K.L.:
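The following block contains the structure, expressed as structure tokens.
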Amino acid sequence: MSLLIATAGWSSERWAERMRQRFPGRDIQIWPEKTDDLADIDYVLAWKAPAEVLRACPNLKVIFSLGAGVDHLLSDPQMPEVPIVRVVDPDLTERMCEWVVFQVLLHHRQHLQYTAQQAARDWAPLPQPSAREVRVGILGLGVLGARAGQALAGLGFQVAGWARGLKAIEGIESFAGAEELGAFLERTDILVNLLPLTPETRHLVDHALLSRLARDGARGGPVFINAGRGGSQVEADIARALGDGTLTGASLDVFETEPLPATSPLWHAPNLVISPHVAADSDPEALSLYIEAQIRSFEAGAGLRNVVDPAAGY
């Protein structure tokens, strides 16, 4: 077996070290140190690597995406026709769940307002609705959305989710398809996006969509939280919505261009929490075990799990 680790913006050496531990004696290479004679590469561990690197591997068998998203691979129409495996690991799922729950609670418990009051030395308790009065809506009910939704439901929030098809998840009301999107938005006080990026979801969250969120809720206005894909949002519209009161707050971990340009209006938008794409960091220790199990299963003829459906984006 020969394996190539091709990542952009990450330390590939961390991944190479783990894979050498999992497969001692096998050939583990790192891009861009290895850029020529890629005919011997069987597997690629990829994250936002140049598409030409993957196309230069004529005998490639499987591509493993090292993050939850796969749009960095599916966006290339000349991608090699081999299975693309999406990482599904409890560690990544729980990290995402932690971040989503934290951001929902931060806005629900009005922490941004209290931070501002602290800076002004202003002791002023605010009226606080209970979780059972607040309606959370999750765009995307895959593994990540379902886990976060159930955690929030366990805290007492009224949780609903929207996906392409109806889902049966305990504690979560399900909406599906374009015909039910409006009803889903109109019952939502805090909107969480965990959708994959597809042609249908690109720029889905714009000012018009945000304007459809509930304005009669106990918390006094809607909030938008995005830990899915940056391409799903129109960032100028989010800044506008925060400025004109369409949104009372937002938390963004993903952006269409990363790092977020210094010229982005989001840096100065009110009541906005920005984090640098860290909601669910991929841990080399945990995920290398997952990849090892997948490769051993594949080589034993038992197949692969969590292979991406290119039409769906996941």
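As the structure is a prediction and not an experimental result, all values here were calculated from the model.
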K.L.:
Decide yes or no for L92 and L144: does some side-chain heavy atom of the first lie under 4.5 Å from some side-chain heavy atom of the second?
P.N.:
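Yes, their side chains come closer than 4.5 Å.
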K.L.:
Can you check whether G137's main-chain N or O pairs, donor with acceptor, with Q158's side chain at less than 3.5 Å?
P.N.:
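Between the backbone of G137 and the side chain of Q158 there is no qualifying donor-acceptor contact (under 3.5 Å).
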K.L.:
Find the distance between CD (E173) and CG (L166) and round it off to the nearest 0.5 Å.
P.N.:
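The CD atom of E173 sits 10.5 Å away from the CG atom of L166.
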K.L.:
With rounding to the nearest 0.5 Å, note down the distance linking CG in D237 to CG in D244.
P.N.:
9.5 Å
K.L.:
Counting heavy atoms not belonging to R55, are there more than 12 under 6.0 Å from its CZ?
P.N.:
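It does: R55 CZ has more than 12 such atoms within range.
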K.L.:
Got W162 and T188 here, is their nearest side-chain heavy-atom distance under 4.5 Å?
P.N.:
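Sidechains of T188 and W162: no contact.
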K.L.:
Using modelled atom types only, decide if a donor and an acceptor are shared between the side chain of S2 and the backbone of D42 within a distance under 3.5 Å.
P.N.:
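Answer holds: no.
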K.L.:
For A124, does its backbone N or O pair with a side-chain atom of Q117 as donor and acceptor, under 3.5 Å?
P.N.:
yes
K.L.:
Are L105 and F224 in one and the same hydrophobic cluster, where Ile, Leu, Val, Met, Phe, Trp and Tyr link if side-chain heavy atoms are under 4.5 Å apart?
P.N.:
no
K.L.:
Side chains of L139 and V205: closer than 4.5 Å at any heavy-atom pair?
P.N.:
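Yes, at least one pair of side-chain atoms sits under 4.5 Å.
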K.L.:
For the residue pair R296 and R22, what are the closest heavy atoms and their distance?
P.N.:
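So the two residues come closest at NH2-O, 3.0 Å.
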K.L.:
So, does E180 use its side chain to make a donor-acceptor pair with the main chain of A176 at under 3.5 Å?
P.N.:
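Indeed, once roles are kept as given, a pair shorter than 3.5 Å links the two residues.
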K.L.:
Examine distances only and state if a side-chain atom of R14 and a backbone atom of E285 form a donor-acceptor pair shorter than 3.5 Å.
P.N.:
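No; judged by distance alone, with no hydrogens or angles, the pair does not exist.
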K.L.:
Can you name the closest pair of heavy atoms from I169 and A146 and give their distance?
P.N.:
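Nearest heavy atoms, I169 then A146: CD1-CB, 3.6 Å.
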K.L.:
Specify the closest pair of heavy atoms between I138 and F184, including all atoms of both residues, with the distance to one decimal.
P.N.:
N-CZ, 3.5 Å
K.L.:
Determine, stepwise, if the pair Q233 / N193 fulfils side chain to side chain contact (heavy atoms under 4.5 Å, CB included).
P.N.:
CA-CA 9 Å; Q233 64 197 12; N193 178 50; over 6 Å; no
K.L.:
Less than 4.5 Å apart, side chain to side chain, heavy atoms only: is that true for Q29 and D40?
P.N.:
no
K.L.:
Do H207 and V234 have side chains that get closer than 4.5 Å, going by heavy atoms?
P.N.:
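SC-SC contact between H207 and V234 ruled out.
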K.L.:
Assess whether atom NE2 of H203 is packed by more than 12 heavy atoms of other residues, nucleotides or ligands within 6.0 Å.
P.N.:
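Yes, the 6.0 Å shell around NE2 holds more than 12 heavy atoms from other groups.
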K.L.:
Would you find a donor on one side and an acceptor on the other, under 3.5 Å apart, between the side chain of E256 and the backbone of E235?
P.N.:
no
K.L.:
Can you give me the closest heavy-atom contact between V44 and C57, atom names plus distance?
P.N.:
CG2-SG, 4.3 Å
K.L.:
Please find the pair of heavy atoms, one from L3 and one from I41, that lie closest to each other, and give the distance.
P.N.:
C-CD1, 4.3 Å
K.L.:
In terms of heavy-atom contacts, does CD of E52 have more than 12 from other residues, nucleotides or ligands at under 6.0 Å?
P.N.:
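Yes, CD of E52 has more than 12 neighbouring heavy atoms, counting only those of other groups under 6.0 Å.
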K.L.:
Return the CD to OG distance between E17 and S11, rounded to the nearest 0.5 Å.
P.N.:
9.0 Å
K.L.:
Nearest 0.5 angstrom please: L213 CG to R135 CZ, how far?
P.N.:
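Rounded to the nearest 0.5 Å, the CG-CZ separation comes out at 10.0 Å.
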K.L.:
So if you build clusters from Ile, Leu, Val, Met, Phe, Trp, Tyr with side-chain heavy-atom gaps below 4.5 Å, do L181 and L191 land together?
P.N.:
yes
K.L.:
To the nearest 0.5 Å, what is the distance between CD (E13) and CZ (R18)?
P.N.:
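E13 atom CD to R18 atom CZ measures 10.0 Å (nearest 0.5 Å).
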K.L.:
Should V273 and V104 be regarded as members of a common hydrophobic cluster, given that ILVMFWY residues are connected when their side-chain heavy atoms come within less than 4.5 Å of each other, either directly or indirectly?
P.N.:
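V273 and V104: separate clusters.
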K.L.:
Just one of L45, I28, V53, I30 clears the side-chain contact (heavy atoms from CB on, under 4.5 Å) bar with L4, so which one?
P.N.:
V53
K.L.:
Between R147 and T93, is there a side-chain donor-acceptor contact under 3.5 Å, judged purely by atom types and distance?
P.N.:
no
K.L.:
For R109, does the CZ atom have more than 12 heavy-atom neighbours from other residues, nucleotides or ligands under 6.0 Å away?
P.N.:
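Check fails, neighbour count at 12 or below.
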K.L.:
Would you check if the side chain of R229 reaches a backbone N or O of F255 as a donor-acceptor pair within less than 3.5 Å?
P.N.:
no
K.L.:
Is the closest side-chain heavy-atom distance between F102 and I225 below 4.5 Å?
P.N.:
no
K.L.:
Give the cluster check for V87 versus V254: same hydrophobic cluster or not, with ILVMFWY residues linked at side-chain heavy-atom distances below 4.5 Å.
P.N.:
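V87 and V254: separate clusters.
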K.L.:
In this structure, would L209 and L252 fall into the same cluster of hydrophobic residues linked by side-chain contacts under 4.5 Å?
P.N.:
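Yes: a chain of side-chain contacts under 4.5 Å links L209 to L252.
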K.L.:
Quick check against the 3.5 Å criterion: does W267 have a side-chain atom that pairs as donor or acceptor with the backbone of P261?
P.N.:
yes
K.L.:
Evaluate S282 against W47 for side chain to side chain contact (heavy atoms under 4.5 Å, CB included), listing each step before the verdict.
P.N.:
CA-CA 10 Å; S282 297; W47 182 251; over 6 Å; no
K.L.:
Using only heavy-atom distances, determine whether the side chains of R219 and T248 contain a donor-acceptor pair under 3.5 Å.
P.N.:
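The criterion, which ignores hydrogens and geometry beyond distance, is satisfied for T248 and R219.
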K.L.:
If you look at every heavy atom in K48 and A8, which pair is closest and at what distance?
P.N.:
O-CB, 3.2 Å
K.L.:
For a 4.5 angstrom cut-off between non-hydrogen side-chain atoms, does L66 reach L287?
P.N.:
no
K.L.:
Between R95 and D89, is the closest basic N to carboxylate O distance under 4.0 Å?
P.N.:
no
K.L.:
Judged by atom type as modelled, is there a donor-acceptor pair below 3.5 Å linking the side chain of D253 to the main-chain atoms of A227?
P.N.:
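Flag not set: sc D253 to bb A227 has no pair under 3.5 Å.
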K.L.:
Would you say the side chain of V62 lies within less than 4.5 Å of the side chain of I295, judging by non-hydrogen atoms?
P.N.:
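They are not in contact (no side-chain heavy atoms under 4.5 Å apart), so the answer is no.
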K.L.:
Using a distance-only test with no angle check, is there a side-chain donor-acceptor pair under 3.5 angstrom linking Y114 and Q118?
P.N.:
no
K.L.:
Does any donor atom in the side chain of T198 or E200 lie under 3.5 Å from an acceptor atom in the other side chain?
P.N.:
yes
K.L.:
What's the verdict on side chain to side chain contact (heavy atoms under 4.5 Å, CB included) for M19 and S288, showing C-alpha distance, side-chain angles and the deciding distance?
P.N.:
CA-CA 6 Å; M19 297 313 296; S288 65; 3.7 Å; yes
K.L.:
List the steps and the verdict of side chain to side chain contact (heavy atoms under 4.5 Å, CB included) for L197 and S232.
P.N.:
CA-CA 6 Å; L197 187 61; S232 296; 3.9 Å; yes
K.L.:
Enter the distance from D189:CG to E133:CD here, rounded to the nearest 0.5 Å.
P.N.:
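That separation rounds to 10.0 Å.
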